[in-house]
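Scroll down for the structure; my scribbles are underneath it.
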2 protein chains.
Amino acid sequence: MAHDDTSSQRDNSSVTLQDIAAHAGVSRSTVSLVLRESPLVAEHTRDKVRQSIKALGYVYNRGAAALRSSRTSTLGVVVYDIANPFFGAMVAGIDAALNREGYVSFLANSEDSCERQRRFLERMREHRVDGILLCPAEATDPGLIDTLADWRMPCIQVLRHVGHPPFDYAGTDFHLGVCQAMNHLVALGHERIAFLGGHAEHSATRERWHGYRESLSRHGLTYQRLLRATVTRRDGFDLIQRLMSETPPPSAVVCHNDLVAFGAILGLKRLGLEPGVDCAVIGTDDVEEAELGDPALTSVATHPYAIGEEAARLALRRIANPDGAREQVVLSPRLRVRQSCGAQPRQAAFPETPTPDRQQYTPA
Amino acid sequence: MAHDDTSSQRDNSSVTLQDIAAHAGVSRSTVSLVLRESPLVAEHTRDKVRQSIKALGYVYNRGAAALRSSRTSTLGVVVYDIANPFFGAMVAGIDAALNREGYVSFLANSEDSCERQRRFLERMREHRVDGILLCPAEATDPGLIDTLADWRMPCIQVLRHVGHPPFDYAGTDFHLGVCQAMNHLVALGHERIAFLGGHAEHSATRERWHGYRESLSRHGLTYQRLLRATVTRRDGFDLIQRLMSETPPPSAVVCHNDLVAFGAILGLKRLGLEPGVDCAVIGTDDVEEAELGDPALTSVATHPYAIGEEAARLALRRIANPDGAREQVVLSPRLRVRQSCGAQPRQAAFPETPTPDRQQYTPA
DNA sequence: ATTGTTTTTTGGATTGATCCAAATCTAGAA
DNA sequence: TTCTAGATTTGGATCAATCCAAAAAACAAT
């Protein structure tokens, strides 16, 4: 039996400030001040109170504190696909940043459903969270952001944004990312480059498409194939097969995310073609699995962990200063060249970099 | 400007039960009963109150309610690696099950650090969560479970368990999973089968190892190689190379999880060997990426989404009935045969099953 | 000893709901 | 009409903290 009663408190944990106060021979208010590390309390008193707190096994009741002070030290986080490794990393970043400040977060998975998203946001309001990190579901009504503002609820949009500026936002420069991929392919001599995936419903897609079109015209390329679609592996698999049967077929494709790229690679193999040789493939996100494929996937690293950290920090800033100027934190992505774009020889080697996406990014 | 004042409430959201009561011409208590859908209230009164609630734009204050009722409709969830796709899926399952019951969850990532785990659990106690879903960090002191019991905090262990029965637990039958993999390999004619990865610090590893050893003796195999290690891709990569240089080398390996298996496949390629032909590889978890590899990874599916759902449901049951008999929900895993074990021809095809791990499991 | 500052401490009000025992209002029976 | 059982409704106490203005204590200067 592994535990013994180190602290000698009674059975139930209903020890309150009042009890501590009585035990230490001071008032409720003084104990409260000690708990909040107020400098008003004399050293000597502080010690006495601390001892009583320990002796009685007191547990701070944040609910009660929140009721009076209307600060819950709590945040709501909404993502649209927590099962996607990208969001796993992002949530880890959020968690790390919040943890440092004593905050905790509610997490919900909207599955890109506006209805689920709305329900969760309402629940968060009832829980009086101090703020919300929102990766808006596709087709989110731009008015939602105004509604949150009406609620006086600090809201940081992440990765995608809807509504009109100014709003708080943390994300990555998708436009730049696509340009990096395009530049690389052009430098390798490609002239027929297609873009796979995305709806037009949100900023993250528009930015990518804009980068694609702009790159085409900057390099004077006339071949243009932009295939709209959802962004699953299945889509990549189907789209690439359709595309390769056209005349002429593309010599390279840039994909909305790594999932689409994985699907595209599989599709090429199905056709008996060699990815990176018969058609170059570049993904977006650089999820950990990218380096494991065969061929390893060239991808635009979007640093989810860092985005999570930045978003959380921005939220804390906004909570501390609700009426401050809105901020947009846009990180710069970075192209990670591997085999699937044909630039490197195919050889199975374990990648050198330990955890590439934690530190290597540049705020724009 | 997308929003207009549909509901005509004033600027600030400090509408309380008192205000509703005044507006509807009833008492605070009655309004409270209406909000909680009590059958005590007359139909006619209920309608009147509902109208006032809508008219004034009232927002329920769960914090205040929790203070009096000591029910927060809130759960704490601790995982040790949220960036792992397995946990992404599991969290999605938890979220879905809780959402149906109006619960929300705090999520924290212990990163397998007992210190972080402890801090989070204490914070959850301060927030008065109704219960906790805990995937214990490695080397968690078994006394922790007793401590939580002292706190009278319902705690469901997930995936791993520490301490002595009885305790609440939701997970998968790792022992059976390894046996399935071993049986399959033996049926294919393998006689030299190694096991890669795992520490002895927790149940999930012990169960796997037990399955490995038991299978060996049941099939009368004398070759035995069980390599302890952490469970990253890097480990799989290193271990397989060490193993293949022995005389004789194994003809097949079963891996602690899919990450180790991915590493092993990469390691074999590095040696110029063909996974599935020169050495069969089987993973555990069947993460979505398993089917994408080349060769596609044969893996023991452990149904993370389903485990998450079951764990959450068990938690809700325990909260409703704190002194009921402890339960252990153990799902049966299922071997998904692909190319890496050499049983199927290598051919790139998009897998048929849409989302294999949501429904196909059997409670043991 | 008196006064004026500065440092600590304090009790009462407040936050917004729920709980509970008692009050009030039905409708049917005597 | 009166009584009573059952259905509704209610006000005061309570949950456990924070806020705030004012009191008390400590200290320095006159």
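So that the names make sense, note that chain A is the first sequence line, chain B the second, and so on, each numbered from 1.
When rounded to the nearest whole Å, the span between CG of A:Asp47 and C1' of C:dT8 equals 15 Å. For B:Arg62 and C:dA17, the CZ to P distance is 12 Å, given to the nearest whole Å. The interatomic distance linking A:Gln18 (CD) with D:dT14 (P) rounds to 13 Å, in whole Å. Protein atom NZ of B:Lys48 is 11 Å distant from nucleotide atom C1' of D:dT9, rounded to whole Å. As a whole-Å value, the separation of A:Arg68 CZ from C:dG16 C1' is 11 Å. Following rounding to the nearest Å, A:Arg128 (CZ) and C:dT15 (P) show an atom-to-atom distance of 13 Å. Taking atom CG on A:Asn61 and atom C1' on C:dA17, their separation rounds to 14 Å, with Å as the unit. The NE2 atom of A:His127 sits 17 Å away from the P atom of C:dG16 (whole-angstrom rounding).
Here A:Arg125 does not pair with A:Glu122 in a salt bridge; the nearest charged N to carboxylate O distance is not below 4.0 Å. Using a cutoff of 4.0 Å between basic side-chain nitrogens and carboxylate oxygens, B:Arg116 and A:Asp95 are scored as salt-bridged. A salt bridge between A:Arg160 and A:Asp112 is present, with a side-chain N of the basic residue lying under 4.0 Å from a carboxylate O of the acidic one. Salt-bridge annotation for B:Arg313 and B:Glu310: present, with a side-chain N of the basic residue lying under 4.0 Å from a carboxylate O of the acidic one.
In the set C:dT8, C:dT10, C:dT15, C:dT15 carries the atom at the smallest distance from any side-chain atom of A:Leu67. Which of D:dA17, D:dT8, C:dA17 sits closest to the side chain of B:Leu17 comes down to C:dA17. Candidate nucleotides D:dT10, D:dA16, C:dT9 were compared by shortest atom distance to the side chain of A:Thr16, and D:dA16 ranks first.
A:Thr147 places a side-chain N or O within 3.5 Å of a backbone atom of A:Gly143 that can act as its donor or acceptor partner. In terms of modelled atom types and a separation under 3.5 Å, the side chain of A:Asp19 and the main chain of A:Thr16 share a donor-acceptor contact. The backbone N or O of B:Leu107 sits nowhere less than 3.5 Å from a side-chain atom of B:Ser105 that would complete a donor-acceptor pair.
Phosphate contact (OP1/OP2 of D:dC19, side-chain N/O of A:Arg36, threshold under 4.0 Å): present.
Note: A:Tyr80 and A:Phe87 meet the aromatic proximity criterion, with ring centroids under 6.0 Å apart.
Within 4.0 Å (heavy atoms only), A:Thr45 reaches sugar-phosphate atoms of the nucleic acid but no base atom. Residue B:Thr30 is in base contact, counting any heavy-atom pair closer than 4.0 Å across all strands shown.
Evaluation of atom-type donor-acceptor distances gives a pair under 3.5 Å for the side chain of A:Arg28 against the base of C:dG12.
For the residue pair A:Ser27 / A:Thr30, a side-chain donor-acceptor distance below 3.5 Å is found, with atom types taken as modelled.
Each of A:Gly25 and B:Ser69 was assigned the nucleotide of DNA chain C with the nearest heavy atom; the assignment lying further toward the 5' end belongs to A:Gly25.
Ring pair B:His161/B:Phe167 is tilted by interplanar angle, where 30° to 60° counts as tilted.
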**Fill in**
Per-nt protein contacts along nucleotides 20-26 of chain C (heavy atom under 4.0 Å; B base, S backbone sugar-phosphate only, - none) come out as -------
**Complete:** Per-residue pairing states of DNA chain C in dot-bracket (Watson-Crick or G-U under 3.5 Å; . unpaired, | other strand) read ||||||||||||||||||||||||||||||
